Every structure is written in C-alpha cells, then in structure tokens.
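These notes are about the structure you will find just below.
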Amino acid sequence: MNYGVVSQEQLEKIDAILTEKLIKIGVDCVIIIDMAGNIITAKDNGTSKYDVYSFAALAAGNFATVDAMAKLVGEQEFSLLFHKGTDCNIHFSKIDDELLLITMFGKNISLGFLRLNVVETIERIQKLWG
Amino acid sequence: MSFINLREKIVQVKIVYYGPGRGGKTTNLEYINRKFSKQIQSEMVSLKTHGDRTLFFDFLPFNMGQIKGYELKIQLYTVPGQVKYNATRKLVLKGVDGIVFVADAQEQMREKNIRSLNQLHENLRDYKESIFRIPLVLQYNKVDLRNQGIPILPISILEKDLNSKLKVPSFEGSALTGYNVAETLKKIISSTVVSIQKKLQ
Ligand SMILES: Nc1nc2c(ncn2[C@@H]2O[C@H](COP(=O)(O)OP(=O)(O)OP(=O)(O)O)[C@@H](O)[C@H]2O)c(=O)[nH]1
Ligand SMILES: [Mg+2]
C-alpha cells in the first residue's frame with residue numbers, strides 16, 4: 001500500500017480494530033505513526049489528552065535511535081520497546097517497516113496481556129493491507 | 001514523506017532546518033515560535049545539551065490553516081549541526097518533505113557550510129532522495145554581524161559556493177533579529193506544498 005495516503009475506509013477499519021482490541025481492554029491511548037513522525041491515527045479512552053503531535057515526533061525519534069543502536073551491536077532489531085512509569089507505561093511495536101503502533105496504558109493492564117492484544121491488533125492491520 | 005489523512009482532511013508536512021553547527025537553526029525556530037504563537041498550539045520540543053546545542057532535534061508544529069479544504073500542519077524540525085552527530089542528523093531527515101539549509105555567513109564559516117551541504121547531499125542519497133529534487137531554500141544567516149564589523153561573506157561568494165548547481169531560492173537573513181526568517185519559512189512551505197501537489201497528481 002501507499003502509506004502516504006490512507007483511505008477513509010481503511011482508517012475506519014483500523015480505528016475499529018484499535019477500539020476493539022486495545023481501548024476496550026483499558027488502554028488509555030493508542031497512536032499509529034510513521035517513521036518520519038507523522039500521525040496516521042490516534043484513539044483514546046476519552047479521558048486522557050496528550051499532545052499527540054509532539055508525542056509522535058519524539059516517539060519516532062526514540063524508536064529510530066533504539067533501532068540504530070540495535071544495528072550497531074549487530075541485532076536485527078530490539079523487538080520489545082517498553083517504558084515503565086508509576087501511572088503510565090508506553091509500549092512500542094513495529095507494524096511494518098514504515099509504521100509503529102504505540103500504546104499508553106496504566107496499572108490495570110499487565111504487560112503480557114497487552115502484548116498479546118498488540119500482536120493480534122497488528123496481525124489484523126497487516127491483513128487490511130495484505 | 002508527507003502524510004495525508006483523507007478522513008479528517010489533514011496534511012502533515014515535514015520541513016527540516018539543516019546546516020553547520022551554531023549556524024542558527026534553533027534560533028530560526030525560536031523566532032517562529034515567538035512570532036507566530038497564534039499558529040502554534042503546542043510547546044516547542046528541544047532535545048539539547050546543557051550548553052544549548054541541539055542533541056537530537058527541535059520540533060515545532062505550525063498550523064497553516066486551510067488550503068483547498070485541507071488543514072495543513074507543518075512540522076518544523078532542526079538537526080544537530082555538530083559534525084559528530086551525523087547519525088542522529090540522518091534520523092531526523094527520514095521522510096523529509098522540504099529543507100531549509102541555514103548557512104553561517106561569517107567568513108570563517110565558509111568551509112563548514114560547504115562541507116555541511118555536501119553531507120546533506122550524501123545523507124539524502126542514502127534515503128534515495130536527491131538534493132536536486134527535494135524542495136530546498138538557502139538562508140545566509142547572521143548578516144546582522146556586518147554592523148559589528150565582523151567579516152561576512154559577500155552574497156555572490158555564498159551563491160557561488162552553495163547555490164551555483166542547485167539554483168534554489170535563497171535569502172540573506174538574521175535569525176536573531178528575525179530578518180527574513182518568515183520569508184524563508186513561507187518560501188519553503190510554498191515550494192513543498194507545490195511539490196506534494198505534483199506528486200499526488
Ligand atoms: N548575530 C547573530 N547570532 C545568531 C544568529 N542566529 C543565531 N545566532 C547565535 O548563534 C548561536 C548558535 O545558534 P543556534 O540557533 O543554537 O545554532 P544551531 O544551528 O541550532 O546549532 P546546533 O544546534 O549546534 O546545530 C547562538 O548563540 C545564537 O544566538 C544571527 O542571525 N545573528
Ligand atoms: Mg540547534
């Protein structure tokens with residue numbers, strides 16, 4: 001697919017997947033960005049409001065940095081990128097070479113459960129573009 | 001590469017300020033941030049060292065309002081100019097739509113400008129982009145120093161050094177006083193928008 005332009009229909013399908021698999025299990029906010037730091041879509045639970053544009057720029061930079069470090073030590077990639085806080089955790093996952101899925105979640109969800117749902121989310125999004 | 005959201009009718013465009021260390025890239029963004037506060041909804045993000053040198057990038061989202069029914073969001077970035085930071089400089093260039101090259105017009109900076117521009121050329125090539133195709137504007141910064149008797153390169157020399165092959169729009173400027181900062185920005189935005197429209201056709 002040409003990721004630079006996503007159709008309305010594709011976006012609606014993606015949003016439905018994000019809502020069903022992530023927002024419904026209690027994730028605060030989920031964002032899909034490209035590696036240049038553009039936002040593809042953002043969904044939240046209605047109570048958390050982040051400055052998603054700055055967040056996307058920083059997240060893309062963060063991911064790119066870690067990716068470059070992986071290459072320096074001879075790794076293909078570090079598959080898990082996760083930041084743990086007291087009230088908020090951030091989890092990064094690659095959808096494909098161009099897209100990243102970022103989820104922000106609190107204490108109420110375990111990392112294992114979240115990862116399971118992220119994997120399923122990504123599989124379903126990849127199928128959309130298959 | 002710009003990202004277009006057809007549902008919310010938003011176009012995101014990435015413009016990067018590139019150039020040698022201490023050339024005035026961050027100062028350009030700081031001036032824009034002060035001067036156009038109405039068009040800027042969030043804080044400028046600066047990842048910098050204690051000595052105020054850019055470590056990774058500055059980021060400033062700039063709202064241009066509606067163009068042909070689309071809301072235009074311009075994402076302004078700077079790269080770190082210090083020679084040792086080329087790896088991070090390259091990361092910031094990922095997906096760039098338009099570039100402002102900020103040259104330092106002081107005589108002593110002549111070599112550094114040329115070297116930085118050559119490296120931009122190489123860095124773009126690594127992304128399969130071309131410095132001859134991407135929208136580009138040159139800014140010959142710090143011309144205010146003329147008034148303090150500091151030797152400044154004549155524009156003809158700067159044009160010959162940096163713009164003889166590229167032949168892109170260029171401005172003398174002073175990021176410190178704001179001279180031609182907005183003009184530089186307007187020019188790169190319009191060149192970039194035209195180039196995106198062409199790609200979409
Ligand atoms: N006189 C004068 N000084 C300037 C001008 N623009 C920037 N400076 C000064 O030059 C120094 C470096 O400016 P920065 O904007 O931090 O330079 P930079 O290109 O972001 O530098 P790096 O982040 O290291 O790449 C600062 O002390 C600025 O105040 C200008 O137009 N005139
Ligand atoms: Mg800087």
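The structure displayed is predicted, hence computed values, not measured ones. Letters A, B, ... mirror the listed sequences (proteins, then strands); counts begin at 1.
- B/K14 places no side-chain N or O within 3.5 Å of a backbone atom of A/G37 that could act as its donor or acceptor partner.
- Residue pairs meeting the ring pair (Phe, Tyr, Trp, His ring centres under 6.0 Å) criterion with at least one member in residues 28-54 of chain B, sequence neighbours excluded: B/F36-B/F62.
- Sparse packing is recorded around CD of A/E9, with 12 or fewer heavy atoms of other residues, nucleotides or ligands lying under 6.0 Å away.
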(request) Walk me through it: do A/D34 and B/K94 pass the test salt bridge (Lys or Arg N to Asp or Glu O under 4.0 Å)? (result) CA-CA 10 Å; A/D34 69 13; B/K94 168 107 191 168; over 6 Å; no
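- The environment of CZ in A/R124 is crowded: more than 12 heavy-atom neighbours from other residues, nucleotides or ligands sit within 6.0 Å.
- Within a 6.0 Å sphere centred on NZ of A/K13, heavy atoms belonging to other residues, nucleotides or ligands number 12 at most.
- Of all heavy-atom pairs spanning A/A36 and B/G95, the tightest one is CB-CA, 3.8 Å.
- With a 6.0 Å radius and a threshold of 12 heavy atoms from other residues, nucleotides or ligands, B/K198 has its NZ atom at or below the threshold.
- With contacts defined as side-chain heavy-atom distances shorter than 4.5 Å, the pair A/I40/B/F3 qualifies.
- Annotation: A/N108, atom CG; neighbour count of heavy atoms from other residues, nucleotides and ligands within 6.0 Å is above 12.
- The two atoms that bring B/L6 and A/S7 nearest to each other are CD1-CA, 4.1 Å, heavy atoms only.
- For the pair A/T41/B/R7, a side-chain contact is recorded, criterion being any heavy-atom separation below 4.5 Å from C-beta on.
- Within a 6.0 Å sphere centred on NZ of B/K187, heavy atoms belonging to other residues, nucleotides or ligands number 12 at most.
- Counting heavy atoms from C-beta on, the side chains of B/F56 and A/T65 come closer than 4.5 Å.
- One N or O on the side chain of B/Q12 and one on the backbone of A/I39 form a donor-acceptor pair closer than 3.5 Å.
- The number of heavy atoms from other shown groups lying within 6.0 Å of CD (A/Q76) does not exceed 12.
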Donor-acceptor pairs under 3.5 Å, side chain of residues 127-134 of chain B to any protein atom, not counting sequence neighbours: which ones?
unit_1, atom_1, unit_2, atom_2, d
B/Y127, OH, B/K90, O, 2.6
B/S130, OG, B/F132, N, 2.9

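- Contacts of B/K73 with chain A are made by side-chain atoms alone, with heavy-atom separations under 4.5 Å and no backbone atom involved.
- Only the side chain of B/I10 comes within contact range of chain A, with at least one heavy atom under 4.5 Å from a heavy atom of that chain.
- B/E43 touches chain A through its backbone: at least one of N, CA, C or O sits under 4.5 Å from a heavy atom, while the side chain does not.
- No side-chain heavy atom of B/L91 sits under 4.5 Å from any side-chain heavy atom of A/F63.
- Between A/S54 and B/F59 the shortest heavy-atom distance is CA-CE2, 3.5 Å.
- Proximity to chain A (any heavy atom under 4.5 Å) is shown, for B/L93, by neither the backbone nor the side chain.
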